[in-house]
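Treat the numbers as computed from the prediction; the structure is a model and nothing was measured. Each ligand, and each atom within it, is numbered from 1 in the order the structure gives.
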Amino acid sequence: SEFCDAGTGFGDSGCVVSSKSASKLLIKGGTVVNAHHQEIADVYVEDGIIVAVKPNIKVGDDVTVLDATGKFVMPGGIDPHTHLAMEFMGTETIDDFFSGQAAALAGGTTMHIDFVIPVKGSLSKGFEAYKEKAKKSCMDYGFHMAITKWDENVSREMEIMVKEKGINSFKFFMAYKGALMINDELLLEGLKKCKSLGALAMVHAENGDAVFEGQKRMIELGITGPEGHALSRPPVLEGEATARAIRLASFVNTPLYVVHVMSIDAMEEIAKARKSGQRVIGEPVVSGLVLDDSGLWDPDFINAAKQDLILLPFSSSLHFLSHFLTFVNIMIFSCFRYVMSPPIRALGHDKALQAALSTGNLQLVGTDHCAFNSTQKAFGIDDFRKIPNGVNGNTSYHYH
Ligand SMILES: NC(=O)NCCC(=O)O
Ligand SMILES: [Zn+2]
């Protein structure tokens, strides 16, 4: 593939790195962007290691030269939060370890960390399954692992993951009642185990019991559309779970990583804990940083529909019908596209999260890339609770 040819081959994918292109490479004339500044310069690489960054580097014929004039040359991004080939809510994400990684590479991300989901609670079975899924990889990746139940075996397997498989971060879902959700007792066991292993505990922080209650309330009120998703799991439930996880981590005295911080409520809990000296990391995601919940409500639905219909080339009735159905599909499901958990929040949370990132109250950005197509999103056409949760975002990771 073109990705393999670019010298990024990895794993069992059959990629072969050509010796000429990989051993000596000059990236010429681009705008080199580093943390401290940017300048037009050449980048000389030998055996995968950057040897020099300066203007007008002269090289011999044995060096592969890439002309980067007019382009930015910057370090590859590391996306700490993705879900590729994830089986979730009765379906599987549309991006697997090839298509998802190809999308990431196109946007300048060169490494990502995905979440292994245990198989019936078994970490080793989950690990084997994800190793298989990842065989088609075309870039670097690592794994976190979710913990979805607790017993002696899980405890032992956590040790094996850390000591033998190179996984040292474990995620606990405080939401998705009846599926991935764990209770406080399990969270405490998990935190203690992470502490004893020197592993990092991560939480998806929403109060799953209250979300369940909120969802029932929406359905009783007759609110079945995507806006019910946001209304049923407001920021207060994210703030509550974030505060609870932080306090339990403090009780156990172990570090905590809060994934996809979507609200001011959660962010302020993290900021407060950090100020008091607790080791807590907060990760906003691209969708939460740059979008607001207006996509879920879409007030222009009818107007947009009229305009597009006039432009449609309907030379035959069949042609018209097919365009119309495609159009309806796009319009209806455009708001479904924004359904993820915790939800994309009302205007204002995005800017506050950006500010928290720039002042250091939040530490790193992920994408939570978890893509479903419109057919999959349509599972929830009559009931927002059945819309597979997740948004895309890994191609645009670097642009934001
Ligand atoms: N975030 C989301 O909606 N989907 C991915 C699974 C998760 O991280 O909760
Ligand atoms: Zn996620």
Side-chain angles (χ1 to χ4, degrees), residues 78-96 100 104 109 112-118 126 130 141-148 169-182 187 200-208 211-212 215 226 228-230 232-235 237-238 241-242 245 257-263 266 281-291 293 295-296 335-345 349 353 364-373 376-377 379-380 384-394 397:
I78 299 175
D79 183 351
H81 186 155
T82 60
H83 301 278
L84 301 182
M86 181 201 197
E87 286 153 51
F88 187 46
M89 297 185 72
T91 185
E92 183 168 328
T93 57
I94 198 71
D95 270 338
D96 62 17
T109 298
H112 71 112
I113 314 180
D114 209 85
F115 288 86
V116 172
I117 306 295
Y130 270 75
Y141 65 88
F143 288 137
H144 309 291
M145 180 165 270
I147 302 295
T148 52
S169 37
F170 297 95
K171 176 174 170 186
F172 301 87
F173 286 92
M174 299 168 79
Y176 303 126
K177 187 170 169 143
L180 300 170
M181 179 174 147
I182 49 90
L187 180 56
L200 181 61
M202 313 170 87
V203 281
H204 170 136
E206 285 183 292
N207 186 317
V211 167
F212 188 71
Q215 290 175 326
H229 178 75
S232 63
R233 43 207 314 156
L237 300 188
E238 191 189 343
T242 305
Y257 178 132
V258 184
V259 302
H260 45 45
V261 176
M262 297 294 282
S263 65
I281 298 168
E283 169 214 82
V285 293
V286 173
S287 49
L289 287 164
V290 303
L291 296 174
D293 67 351
L296 286 164
C335 31
F336 285 52
R337 275 188 303 168
Y338 296 96
V339 170
M340 65 166 290
S341 293
I344 295 166
R345 305 298 187 187
H349 289 270
L353 295 174
L364 76 173
V365 180
T367 64
D368 194 11
H369 185 85
C370 183
F372 297 101
N373 64 22
Q376 293 171 304
K377 288 285 186 185
F379 295 166
F384 66 84
R385 295 172 297 181
K386 296 187 184 144
I387 305 170
N389 287 195
V391 299
N392 60 341
N394 69 355
Y397 185 44

Nearest-neighbour protein heavy atom for atom 1 (N) of ligand 1, which is reported as residue plus atom name and distance: Asp368 OD2, 2.6 Å
Whether His204 has an N, O or S atom under 2.8 Å from the Zn ion (ligand 2): no
Lys171 and ligand 1 - part of the residue with a heavy-atom distance under 4.0 Å: side chain
Check: Tyr141 ring centroid to Phe143 ring centroid under 6.0 Å: yes
Subset of ligand 1 atoms that lie under 4.0 Å from at least one heavy atom of His204: 7 (C), 9 (O)
Whether His229 side chain and Met340 backbone form a donor-acceptor pair below 3.5 Å: yes
Leu353 and Val261: CA distance, side-chain angles, deciding distance, side-chain contact (heavy atoms from CB on, under 4.5 Å) verdict: CA-CA 8 Å; Leu353 295 174; Val261 176; 4.1 Å; yes
Test side chain to side chain donor-acceptor pair (under 3.5 Å) applied to Thr367 and Asn394, Asp79, Asn392, the passing residue: Asp79
For the Zn ion (ligand 2), the closest N/O/S atom belonging to His81: NE2
Heavy-atom nearest neighbour in the protein, as seen from atom 3 (O) of ligand 1, with distance rounded to 0.1 Å: Ser341 N, 2.8 Å
Full working for side-chain contact (heavy atoms from CB on, under 4.5 Å) between Ile117 and Glu87: CA-CA 8 Å; Ile117 306 295; Glu87 286 153 51; over 6 Å; no
Parallel, tilted or perpendicular: ring planes of His204 versus Phe173, cut at 30 and 60 degrees: tilted
Under 4.0 Å to a heavy atom of Tyr176 - the qualifying atoms of ligand 1, by number: 2 (C), 3 (O), 4 (N), 6 (C), 7 (C), 9 (O)
Heavy atom of the protein closest to atom 4 (N) of ligand 1 (residue, atom name, distance): Asn389 O, 3.1 Å
